[in-house]
Amino acid sequence: MQRNWNPEFAALLEAFHARTGIPALLNTSFNRRGMPMVERPEEAVALFAETALDALVLHDVLVRKRTG
């Protein structure tokens, strides 16, 4: 990957590699079975609220569900 292509993503990959020793991330589709893929932030937040996911990243914002 060329760092100048997407510096933020390159930084994410480098930080993940430094923390885990794994030099790759896997991006999967974000949708519920039988539903179309999420395309807008509003759809991502709605699906996040309905699922067992612990965290959601939208651009440079990390959203976590409250525990307890």
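Residues K65 and A49 share a closest heavy-atom pair of NZ-O, 4.0 Å. Contact detail for F16 and I22: the closest heavy-atom pair is CD2-O, 3.4 Å. Considering every non-hydrogen atom in both R32 and E50, the closest pair reads NH2-O, 3.1 Å. Counting all heavy atoms, side chain and backbone alike, L62 lies closest to A55 at CD1-CB, 3.9 Å. Annotation for M37 and E43: closest pair O-OE1, 4.3 Å, computed over non-hydrogen atoms. Of all heavy-atom pairs between F30 and L47, the closest is CE1-CD2, 3.6 Å.
More than 12 heavy atoms of other residues, nucleotides or ligands shown are found within 6.0 angstrom of CD on E42.
Linking Ile, Leu, Val, Met, Phe, Trp and Tyr whenever their side-chain heavy atoms come within less than 4.5 Å puts V63 and V38 in one cluster. Note on F9 and L58: separate hydrophobic clusters, where clusters join Ile, Leu, Val, Met, Phe, Trp and Tyr whose side-chain heavy atoms are under 4.5 Å apart, directly or indirectly. By the rule that hydrophobic residues join a cluster once side-chain heavy atoms approach within less than 4.5 Å of another member, F48 and V61 end up as members of one cluster.
Using a distance-only test at 3.5 Å, with no hydrogens or angles considered, no donor-acceptor pair links the side chain of S29 to the main chain of N31.
One finds the CG atom of N6 at 10.0 Å from the CG atom of N4 (value rounded to the nearest 0.5 Å). Here the CG-NE2 distance, from L25 to H17, works out to 11.0 Å after rounding to the nearest 0.5 Å.
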